[in-house]
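This report refers to the structure that appears directly beneath it.
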Protein chains: 2
Amino acid sequence: MSRGAVRVAVDIVIFTLREGVLHVLLIRRGVPPFKDKWALPGGFVEEAESLDAAALRELEEETGVSDVYLEQLYSFGDPKRDPRGRVLSISYFALLSSERELRSGTDTADARWFPAYDAPRLAFDHRKILDYALVRLRYKLEWTTVGFELLPKKFTLTELQRVFEAVLGRQLDKRNFRRKILKLEILRALDERRRAGVQRPARLYMFSATVFEKLRGRGMIFPF
Amino acid sequence: MSRGAVRVAVDIVIFTLREGVLHVLLIRRGVPPFKDKWALPGGFVEEAESLDAAALRELEEETGVSDVYLEQLYSFGDPKRDPRGRVLSISYFALLSSERELRSGTDTADARWFPAYDAPRLAFDHRKILDYALVRLRYKLEWTTVGFELLPKKFTLTELQRVFEAVLGRQLDKRNFRRKILKLEILRALDERRRAGVQRPARLYMFSATVFEKLRGRGMIFPF
DNA sequence: CCAAAAGTGTTGGTTTTACACCCATGG
DNA sequence: CCATGGGTGTAAAACCAACACTTTTGG
């Protein structure tokens, strides 16, 4: 093995919202090391594959979805992080909108959604990776538009507020939240409403990507 | 070569301030590929070395300094980014305080400081790395205390303002800047003054790390 | 007394926070 | 008519941006 030659894996922190709670997808390892322990989904980077491509491929393999929000997080390179030998982990985080239906095989005994703020012990240094992803997600939520990635295309303002609350872990004032979001002018109010039970139907909105650049100009998009 | 085995390099964007202008250290490559072209300092990660340790080692080799601000930036893994074969680049950025004296050998024909916003063509994908580092530095400057890393321990408010102006690339209002910085309560005013020419001597300040946690609590420290 | 940079306050506009009630709907 | 979540405004405080003159020093 020549100088600097190591194996490179991608590990993905896949977030979604279920019943208003932020969840993360974990896989139960079938082989040592850490057999039967929960771990982040991931795998080795192939020969001629970019890191992003490897992350997308793993994501597709685990969940059956493509075309999702995916962003590189951090690279973990402690020589002892994997007992099998030197494995570099390039971590990513992904956001799945809650409407997405995942391949069967997700959410079985060996692949389950866990509340992100209440995950079990994890293999390797995956706890560190998860914590890092949570920090990043919280910050990006407030400074970028990633929040929308956790929702279906059409959503109500209350649903959007629930996303913010689930990620930030605190309650927000309904009036202030709405004022702030609407002032950004990044939502398109639709003529549709959603009947969601016995109460007054809520207006639906869409994220309006055409004004994305507006925000960038105002320094509101965080370029990481 | 087993699946996923690649060589791993660290490349470091080393910033400093010279005469009020943000500079970056570049190395002229002595061997192919890109012989005689300017490139970011860097090198391969050793067998049993963490990524951070590799970056620190390279930094020390190039500049002779240790104990500097260093932070991982991003990992670039395009399979074609290095014509010699697959080389993953873990990029870092470092901030050197302007008082630091560097090893001789820095700032020679083969290692030179260039204005960061006016660097020559770079080898590999190093231009992308540099651009990324500049974006990151600008953001961190406004949301964290990294700005102090570019200054000596004791500095005047005007010097601090020059750092902000050099990085952000725009003029700031002296009164507003001072008010804002002082309100953070992260500076300790010293009893010393600096005589810097014919004019009125300026009060010296130190960064007061003991109040760092205050800022964190107020969400003012950006955790990347 | 001149040149040079240090130092210092006010005002108007915008943003943020805290806070409570009526509305539309289905059962 | 009741239960449920949808929807709306206002006032006080904090924050931000624009703006100009006096002070201290050395020569």
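Numbered from 1 within each chain, the chains take letters A, B, ... in sequence-line order. Nothing here was measured: the structure is a model prediction, and the numbers come from that model.
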### Query
Which word best sums up how the rings of A/W38 and A/F114 line up, parallel for under 30°, tilted for 30 to 60°, or perpendicular for over 60°?
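Rings of A/W38 and A/F114: perpendicular, as their planes differ by over 60°.
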### Query
Taking the six-membered ring for Trp, are B/F15 and B/F93 parallel (under 30°), tilted (30 to 60°) or perpendicular (over 60°)?
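Ring orientation, 0 to 90° scale: perpendicular.
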Nearest whole Å is fine: how far is [N] [atom2] from [X] [atom1]?
X	N	atom1	atom2	answer
A/I181	D/dT8	CD1	C1'	17 Å
A/L172	C/dT16	CG	P	13 Å
B/F177	D/dC16	CZ	P	14 Å
A/R195	D/dG7	CZ	P	13 Å
B/L184	D/dC15	CG	C1'	13 Å
A/K180	C/dA18	NZ	P	12 Å

### Summary
Contact string for nucleotides 6-14 of chain C, one letter per nucleotide 5' to 3', B = base within protein heavy-atom range under 4.0 Å, S = sugar-phosphate only, - = neither, reads BBBBB----
### Message
I'd like to know if the side chain of A/E71 reaches the main chain of A/Y92, judged simply by a donor and an acceptor atom lying under 3.5 Å from each other, with no hydrogens or angles considered.
### Response
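Not confirmed, A/E71 side chain does not pair with A/Y92 backbone.
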I'd like to know if [X] pairs up with [Y] as an ion pair, taking the criterion as any Lys NZ or Arg NE/NH1/NH2 lying under 4.0 Å from an Asp or Glu carboxylate oxygen.
X	Y	answer
A/R203	A/E192	no
A/E142	A/R170	yes
A/R57	A/E61	yes

